[in-house]
Amino acid sequence: MKKTMQSLLRQALAKLKEQGVLDGGLDPAISIERTRDPQHGDLATNLAMVLAKSAKTNPRQLAERIIAALPEHAALRKVEIAGPGFINFFLDPAAQYRVVATIHEQGREYGRSEVGQGKKIQVEFVSANPTGPLHVGHGRGAAYGSAVADLLDAVGFDVHREYYVNDAGRQMDILATSIWLRYLEECGEILPFPCNGYRGEYVREIAWEIHQSAGNEYRRPAELVMEDIPPDEAQGGDKEAHIDALIERAKTLLGSAQYEDFLQAGTTRILKDIQEDLLEFGVPFEEWFSERQLFDDGSVDDVLRHLREAGHLYEKDGATWFASSLLGDEKDRVVIRENGQFTYFASDIAYHLDKLRRGYDRIIDIWGADHHGYIPRIRAALRALGEDVDKLQVLLVQFAVLYRGREKVPMSTRAGEFVTLRQLRNEVGKDAARFFYVMRRSEQHMDFDLKLATSKTNENPVFYVQYAHARVCSVLRQLDENNWERDHLSGMQNLQRLTEEHEINLVGTLSRYPEVVEKAALQYEPHLLIQYLRELANEFHTYYNAHQFLVEDAGLRDARLNLVCGVKQVIANGLDLLRINAPEAM
RNA sequence: GCGCUUGUAGCUCAGCUGGAUAGAGCAUCGGCCUUCUAAGCCGAGGGUCGCAGGUUCGAGUCCUGCCAAGCGUGCCA
């Protein structure tokens with residue numbers, strides 16, 4: 001409806017240009033909005049106010065001329081000028097009711113569209129290091145990312161969901177070493193655990209499994225392990241130097257093949273756990289992209305050579321730097337450390353280049369907001385490589401601050417103090433968790449009160465929306481019990497009898513759904529969809545309480561049932577899009 | 001210090017990219033179940049949109065300056 005009004009207005013403007021009322025040049029974006037107040041009609045535009053200045057006339061006069069030039073349209077009942085120069089459109093209710101038939105015809109397809117034109121778009125999200133189970137902080141990125149991806153899919157983009165697996169680098173070494181140290185404990189060796197190691201219970205479990213299957217094959221005496229290792233932080237030393245020394249010791253004592261066993265055991269076990277976890281959370285991926293692969297196939301070397309040849313790299317203090325400050329970053333960044341190791345940034349350049357080379361029209365990175373300082377250097381790198389930087393869009397998700405009642409819950413992966421995503425799902429369920437995560441704008445800080453979220457006792461808005469769906473189902477069951485037949489066709493023919501205010505509101509809200517989906521998708525704001533669903537549910541509950549659907553008058557009854565089934569369909573579609581269950585009964 | 005983000009009802013948050021009288025959910029108070037599920041509905045109270053300027057027909061929304069919070073500012077990821 002919005003779109004047809006836009007085209008009508010465009011025709012009117014063209015006519016005014018011919019008449020010389022308006023300059024030929026200007027061609028403004030015509031904004032049409034839904035009115036808030038029914039007195040202002042159904043739709044409104046501020047076009048006359050926007051153009052008044054350049055047309056050298058006042059808004060109300062211009063509005064009159066626009067209206068005069070407006071072509072006739074069947075759905076248009078009345079056009080008015082109001083306030084400072086708004087043009088208000090009153091639509092013919094009969095035309096509005098058509099949406100009920102449309103919903104019925106399109107069913108699950110209602111709300112989906114083709115505005116994305118099949119453009120290829122890649123969404124990379126979660127991408128947590130496989131060094132431990134996902135925690136509730138990752139949950140938000142997972143829920144948000146998958147919702148964005150699903151929305152884009154719904155409006156016709158060709159979406160590729162990807163998880164970047166950081167299976168290379170120092171964090172993985174720390175993990176492997178942590179497992180080995182726990183394994184030695186399993187063997188009966190007595191030695192201190194580094195404060196910078198991964199302390200989670202899962203590390204012990206993996207160590208236990210290795211010990212079960214391999215016995216003492218990897219055992220080395222504690223004295224040898226700890227010999228000449230610099231002191232840990234607890235002993236007044238440097239924790240980084242301490243753990244680095246332990247990693248080196250593990251590599252020399254085990255040899256590369258055996259050390260690799262621990263690396264592999266850790267990565268595969270944890271990655272498998274993450275994959276299951278996300279799948280159960282309704283977050284599928286088309287691809288799990290290995291960082292390690294970028295080193296193995298030479299991509300990292302290639303991209304650095306490329307940058308070096310183009311003069312973007314230089315040596316200083318024994319390290320290799322990327323001159324990102326010349327390309328919009330605050331300062332230059334190290335890509336190869338003094339000790340010869342690549343930084344995370346180095347492989348990330350290769351990764352982003354790889355993504356762009358794969359031919360996506362757009363790539364989206366979803367990061368925790370604490371990584372925001374990272375954006376300029378990635379953009380600088382892509383610029384240096386001659387890529388189109390605008391194809392990359394980075395969306396930031398604020399971490400959820402966790403509370404238990406009033407008390408803040410400390411979170412540290414290393415210390416093993418965290419509430420896992422799995423625990424959260426077990427306690428509140430997938431539906432509530434997803435709904436809760438996506439309910440707020442992603443850049444908004446979020447207080448996640450576990451007590452509230454885990455309190456199974458309602459208050460959770462997801463139930464409110466689901467209940468609306470279940471209620472319609474219940475009405476339909478009731479219909480059967482009354483031995484009433486539902487005549488679909490008659491219902492459609494009698495739609496004009498739905499003249500109650502509640503009914504008219506509901507029809508209007510139903511017709512808005514495709515616009516909401518489109519906007520939520522194009523703006524990457526799934527919370528708009530949630531908000532809409534709450535509003536729709538609210539209008540439905542209000543209607544339910546105000547009017548009986550199952551009335552004796554068959555025509556009216558069928559019309560109401562058609563309307564209410566439209567509500568059911570739209571709620572189901574919306575929840576489905578968010579991968580939240582729409583129950584038949586509650 | 002500098003950079004990014006945020007600041008709207010007691011609390012948690014919306015606010016259609018500059019539009020008409022700033023909204024919802026909790027919480028508080030008062031009503032509605034012999035009638036399709038009360039996990040619901042109706043009503044009431046509650047606001048200096050962080051503060052101060054500016055831009056214009058019009059500002060919660062845009063620009064500037066302050067104030068406050070979070071994050072970043074590594075040869076960590």
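By convention in this document, chain letters (A, B, ...) are assigned in the order of the sequence lines, proteins followed by strands, and residues within each chain are numbered from 1. Predicted model, so just to flag it, every value in this text is computed and none were measured.
Glycosidic torsion of B:U17 falls within 90° of 0, placing the base in syn. With a glycosidic angle further than 90° from 0, B:C29 counts as anti.
Checking the phosphate oxygens (OP1, OP2) of B:C36, no side-chain nitrogen or oxygen of A:Tyr543 falls inside 4.0 Å. Between A:Arg471 and B:A38, a side-chain N or O to OP1/OP2 separation shorter than 4.0 Å is present. A close approach under 4.0 Å does occur between a side-chain nitrogen or oxygen of A:Thr542 and OP1 or OP2 of B:C42.
As judged by a 4.0 angstrom heavy-atom cut-off over every strand, A:Arg333 is placed among residues making no nucleic acid contact. Among the atoms of the strands shown, none is found under 4.0 Å from any heavy atom of A:Ala468. A:Asp332 comes within 4.0 angstrom of no nucleic acid atom, judged by non-hydrogen atoms across all strands. Residue A:Met439 is out of contact with every strand shown, counting any heavy-atom pair closer than 4.0 Å. Residue contacts shown for A:His547 include a base, since a base heavy atom lies under 4.0 Å away. A:Asp317 comes within 4.0 angstrom of a nucleotide base, judged by non-hydrogen atoms across all strands. Heavy atoms of A:Gln444 sit under 4.0 angstrom from primed sugar atoms or phosphate atoms, though from no base atom. If you check every strand for non-hydrogen atoms under 4.0 Å, A:Ser474 touches a base. At the heavy-atom level, A:Gln523 lies under 4.0 Å from base atoms of the strands shown. The residue A:Ala585 sits close to a base: some heavy atom pair falls under 4.0 Å.
Put simply, CG on A:Asp348 and CG on A:Leu294 are 9.0 Å apart, with the number rounded to the nearest 0.5 Å. Atom NE2 of A:His527 is separated from atom CD of A:Gln444 by 9.5 Å, given to the nearest 0.5 angstrom.
A tilted orientation is assigned to the rings of A:Tyr513 and A:Tyr532, their planes being inclined by 30° to 60°. Using the six-membered ring where Trp is involved, A:Phe540 and A:Phe549 have ring planes that are tilted, between 30° and 60° apart.
Side-chain polar atoms of A:Asp167 and A:Thr267 form no donor-acceptor pair below 3.5 angstrom. In summary, the side chains of A:Tyr543 and A:Glu503 do present a donor paired with an acceptor at a separation below 3.5 Å, with no hydrogens or angles considered.
We find that the ring of A:His40 and the base of B:A20 stack, their centres lying under 5.5 angstrom apart and their planes tilted less than 30°. With centres under 5.5 Å and a plane angle under 30°, the ring of A:Phe86 is stacked against the base of B:A20.
The side chain of A:Asn129 lies closest to B:A77, out of B:A20, B:C75, B:A77. Listed candidates were B:C75, B:A77, B:C4. Nearest to the side chain of A:Asn166 is B:A77. The side chain of A:Leu528 has B:G15 as its nearest neighbour among B:G15, B:C76, B:U5. Closest to the side chain of A:Thr343, from the set B:C42, B:C4, B:A77, is B:A77. Distances were taken from every side-chain heavy atom of A:Tyr544 (C-beta onward) to each of B:C76, B:C75, B:A38; the shortest belongs to B:A38. Of all nucleotides listed (B:G25, B:A77, B:G74), B:G74 comes nearest to the side chain of A:Lys331. The A:Asn538 side chain lies nearest to B:G25 when the options are B:C36, B:C57, B:G25. Distance from the side chain of A:Ala82 is smallest to B:A20 among B:C75, B:C36, B:A20. Residue A:Arg337 places its side chain closer to B:C75 than to any other of B:C75, B:G3, B:A77. In the set B:A77, B:U73, B:A39, B:A39 carries the atom at the smallest distance from any side-chain atom of A:Phe463.
Looking at A:His371, its side chain has no donor and acceptor atom pair within 3.5 Å of the base of B:G72. A donor N or O paired with an acceptor N or O is not found under 3.5 Å between the base of B:G72 and the side-chain atoms of A:Asp370.
When the C1' atom is compared between B:C67 and B:G30, the two are found 41 Å apart, to the nearest whole Å. Atom name P, nucleotides B:U56 and B:U61: the rounded distance is 16 Å, in whole Å. For B:G60 and B:C49, the P atoms lie 8 Å apart once the distance is rounded to whole Å. For B:G54 and B:G18, the C1' atoms lie 15 Å apart once the distance is rounded to whole Å.
B:G46 is unpaired under the Watson-Crick or G-U wobble criterion, no partner having all donor-acceptor distances under 3.5 Å. Nucleotide B:C13 has B:G23 as its partner under the Watson-Crick or G-U criteria, with both atom distances under 3.5 Å. Of all nucleotides present, none satisfies the Watson-Crick or G-U wobble test against B:A59 with each distance under 3.5 Å. Remark: B:C41 base-pairs with B:G31. Criterion, Watson-Crick or G-U wobble with two distances under 3.5 Å. Across all strands shown, B:C2 pairs with B:G72; the Watson-Crick or G-U wobble distances both stay below 3.5 Å. A 3.5 Å limit on both hydrogen-bonding distances identifies B:C51 as the Watson-Crick or G-U partner of B:G65.
When rounded to the nearest whole Å, the span between CD of A:Glu535 and P of B:C41 equals 13 Å. When rounded to the nearest whole Å, the span between CZ of A:Arg512 and C1' of B:G15 equals 12 Å. B:C76 atom P lies 10 Å from atom CD of A:Glu338, rounded to whole Å. Regarding A:His527, its NE2 atom lies at a distance of 12 Å from the C1' atom of B:U17, rounded to whole Å. A straight line from CD of A:Glu539 to C1' of B:A24 spans 13 Å, rounded to a whole angstrom. Residue A:Leu506 contributes atom CG, which lies 13 Å from atom P of B:C41 at whole-angstrom precision.
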Using side-chain contact (heavy atoms from CB on, under 4.5 Å), reason through A:Phe342 and A:Ser347 one step at a time and then give a plain yes or no. CA-CA 8 Å; A:Phe342 294 97; A:Ser347 47; over 6 Å; no
Worked verdict on A:Leu151 versus A:Leu577 for side-chain contact (heavy atoms from CB on, under 4.5 Å): CA-CA 7 Å; A:Leu151 278 166; A:Leu577 204 41; 3.8 Å; yes
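Between A:Arg441 and A:Asn545, it is A:Arg441 whose nearest contact on RNA chain B lies nearer the 5' terminus. Comparing A:His541 and A:Glu525 along RNA chain B, the residue whose closest nucleotide (by nearest heavy atom) sits nearer the 5' end is A:Glu525.
Relative to the six-membered ring of A:Trp321, A:Arg333 misses at least one condition, a distance below 6.0 Å or an angle of at most 45° to the axis.
Remark: A:Glu485 CD is loosely packed, at most 12 non-hydrogen atoms of other residues, nucleotides or ligands lying under 6.0 Å away.
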